[in-house]
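Report on the following structure.
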Number of protein chains: 2
Amino acid sequence: MDTTESKIFETAKNVFIRSGLEGARMQEIADEAGINKSLLHYYFRTKEKLFKAVFQYAFKRFLPKADELLNSDLCFEERIRNFINLYIDLLLENPFIPSFILCEINRDPEGVIELFKGLGSNPMKFDTLIREEVEQGNIRQIDSKQLIVNILSMCIFPMAARPILVPMIFNNDPRVFKKFLESRKKEIPDFILKSLVIKE
Amino acid sequence: MDTTESKIFETAKNVFIRSGLEGARMQEIADEAGINKSLLHYYFRTKEKLFKAVFQYAFKRFLPKADELLNSDLCFEERIRNFINLYIDLLLENPFIPSFILCEINRDPEGVIELFKGLGSNPMKFDTLIREEVEQGNIRQIDSKQLIVNILSMCIFPMAARPILVPMIFNNDPRVFKKFLESRKKEIPDFILKSLVIKE
DNA sequence: GTCTATATGGCGATAGAC
DNA sequence: GTCTATCGCCATATAGAC
């Protein structure tokens, strides 16, 4: 579509990716979309609403897939691998999400929580899945919450910390970092599964 | 010391812990310290300088210990355990650090990097340590940078994501979350070391 | 050193003409 | 629907009396 609304939406997405929620300026979005600042308000009322529209659009495509995955009959290893694959893909396509959440979380925690719940996100499903695997002796004894947080950490943190990791660890080369993130689709599941194996 | 300056410093630390950098208001700090807003500027020039003073003070006590650890003659396992212990203690005592860095990173990346470099932080020492361990066959083959980022992720992310983790995963009970973080001093090294073990 | 009062600037948001 | 002009707020920062 080539409507003004969709033009705004696309541009906003790019600006949010580049600058985050706080960093992004309505003026900036307007300039880049080649329209007037007031039009942003005409279509989206407030900056926050505009952001949430962008944010929700990204997540709306992710959550159903994640849900489907959790309800599938794949083995644990495949679920972990697929889930992390899905998650990292989501974040690579929408790199503004981690920093948005981690910044917004301090300003308006309830808002963020509502955002998630409104989308139907329910991490406790993952919790019971892990408990079952432990009970059935498929993986070693581990606190399910520790594992969940570990997984989320390893997926989300590197995206949020990108601006500091690139210069301090990746020689200021964004392409190397991009490859690094790509390879995490394999590295993270490997890392986790090796840790969960029950040794003979 | 009971000088006005130290009173400001202590109060600012608490407010930053509670509200983060963006969330903290100069007025709030002044009120809580029982002094006038202008005095903050008298002693620290700007809000940012005040924050950096607090921030650097926290890190100044950490980095030398971390450095000492890396140069010690402990075995790899003990170094990992001690390092993570140290790191989580630092973050528990200064829970504003993760969200500060992750927010500030977007607003002023160079500033944050300078901050670290100015303190003498050098993560590449850790990098060579890991490479050596792999070469010597003490741990399995793994990309050193992947491992470093995994460690940092698992230590830092949960602190930054606290306001969303507590209601969504920990039943809104901060004490449970506190215990969760405490036990990560053991859980994270266990998790990592189990993953790095070379299987017979 | 400490206060009151005020300046300054940025940015989101709105009014209102066309 | 789209624009120009402007409001209103808030937070940092400063001037200047005491």
Side-chain angles (χ1 to χ4, degrees), chain A residues 1-56 96 99-100 103-112 115, chain B residues 1-56 96 99-100 103-112 115:
Chain A
M1 287 268 257
D2 232 19
T3 67
T4 303
E5 182 165 1
S6 65
K7 179 71 186 162
I8 291 175
F9 190 87
E10 280 307 309
T11 309
K13 183 178 163 180
N14 292 332
V15 175
F16 283 132
I17 287 175
R18 225 181 26 235
S19 314
L21 171 63
E22 301 279 331
R25 299 289 147 224
M26 295 297 266
Q27 190 62 59
E28 197 183 351
I29 297 172
D31 289 349
E32 207 161 312
I35 52 115
N36 192 280
K37 204 172 55 160
S38 328
L39 271 190
L40 301 181
H41 292 95
Y42 177 78
Y43 281 103
F44 292 93
R45 259 329 258 178
T46 70
K47 182 186 185 182
E48 205 145 295
K49 280 194 171 54
L50 172 55
F51 188 94
K52 286 190 177 168
V54 172
F55 179 77
Q56 288 188 334
F96 63 95
S99 32
F100 159 64
C103 289
E104 197 61 4
I105 250 174
N106 295 302
R107 240 177 33 85
D108 175 21
E110 291 83 10
V112 175
L115 203 57
Chain B
M1 288 269 257
D2 232 20
T3 68
T4 303
E5 182 166 0
S6 64
K7 179 72 186 163
I8 291 175
F9 191 87
E10 279 306 309
T11 309
K13 184 179 163 181
N14 292 333
V15 175
F16 283 133
I17 287 174
R18 225 181 26 234
S19 314
L21 171 63
E22 302 278 330
R25 299 290 148 222
M26 295 297 265
Q27 188 63 59
E28 198 183 349
I29 297 172
D31 290 349
E32 209 160 311
I35 52 117
N36 192 281
K37 208 173 48 166
S38 326
L39 271 190
L40 302 181
H41 291 93
Y42 177 76
Y43 283 104
F44 293 92
R45 258 332 258 177
T46 70
K47 180 185 185 182
E48 205 145 293
K49 281 194 170 54
L50 172 55
F51 188 94
K52 286 190 176 169
V54 172
F55 178 78
Q56 288 188 332
F96 62 95
S99 32
F100 160 65
C103 289
E104 198 61 2
I105 249 174
N106 294 303
R107 242 176 32 85
D108 175 21
E110 291 84 10
V112 176
L115 204 56

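Chain naming here is simple, since letters A, B, ... match the order of the sequence lines and numbering starts at 1 in each. Heavy atoms only: backbone and side chains are in, while hydrogens, waters and symmetry mates are out.
- In terms of the side-chain hydrogen bond (donor to acceptor under 3.5 Å, both in side chains) criterion, residue partners of Q27(A) (sequence neighbours excluded) are, by chain and number, D31(A).
- Across the protein-nucleic acid pair, H41(A) atom NE2 and dC7(D) atom C1' stand 13 Å apart, rounded to whole Å.
- Listed by chain and number, the residues in a side-chain hydrogen bond (donor to acceptor under 3.5 Å, both in side chains) with T46(B) amount to none (sequence neighbours excluded).
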Protein-to-nucleotide contact annotation, 5' to 3' order, nucleotides 4-10 of chain C [B base; S sugar-phosphate only; - none; under 4.0 Å, heavy atom]: BB-----
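- Here ring pair (Phe, Tyr, Trp, His ring centres under 6.0 Å) pairs that include residues 18-39 of chain B, with residues two or more places apart or in two chains, number zero.
- The side chain to side chain donor-acceptor pair (under 3.5 Å) contacts involving residues 1-15 of chain A comprise T3(A)-S6(A), where partners must be two or more places apart or lie in separate chains.
- In this view, F16(A) and F51(A) satisfy the ring pair (Phe, Tyr, Trp, His ring centres under 6.0 Å) rule, not counting sequence neighbours.
- Note: CG (L39(A)) to P (dT2(D)) measures 5 Å, nearest angstrom.
- Remark: C1' of dT14(C) and CG of L40(A) are 14 Å apart, rounded to the nearest angstrom.
- Taking atom CG on D31(A) and atom P on dC11(C), their separation rounds to 12 Å, with Å as the unit.
- Taking R18(A) as the reference, E28(A), E32(A) meet the side-chain hydrogen bond (donor to acceptor under 3.5 Å, both in side chains) condition, with sequence neighbours excluded.
- With sequence neighbours left out, the side-chain hydrogen bond (donor to acceptor under 3.5 Å, both in side chains) criterion links E48(A) to R107(A).
- Sorted by residue number, the members of residues 42-50 of chain A with any non-hydrogen atom under 4.0 Å from DNA chain C read R45(A), T46(A), K47(A).
- Across all strands shown, A24(B) has heavy atoms under 4.0 Å from sugar-phosphate atoms exclusively, and none from any base.
- With values rounded to the nearest 0.5 angstrom, F9(B) atom CZ is found 8.0 Å from L50(B) atom CG.
- When all heavy atoms are compared, the tightest approach of A24(A) to S19(A) is N-CB, 3.6 Å.
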Side-chain donor-acceptor distances from residues 33-43 of chain B under 3.5 Å, at least two apart:
| unit_1 | atom_1 | unit_2 | atom_2 | d |
| --- | --- | --- | --- | --- |
| N36(B) | OD1 | S38(B) | N | 2.9 |
| N36(B) | OD1 | S38(B) | OG | 2.9 |

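- If you take CD of E28(B) and P of dA11(D), they are 10 Å apart, rounded to a whole angstrom.
- A heavy atom lying under 4.0 Å from DNA chain D marks none of the residues of residues 7-15 of chain A.
- Between A12(B) and V54(B), the shortest heavy-atom contact is CB-CG2, 4.3 Å.
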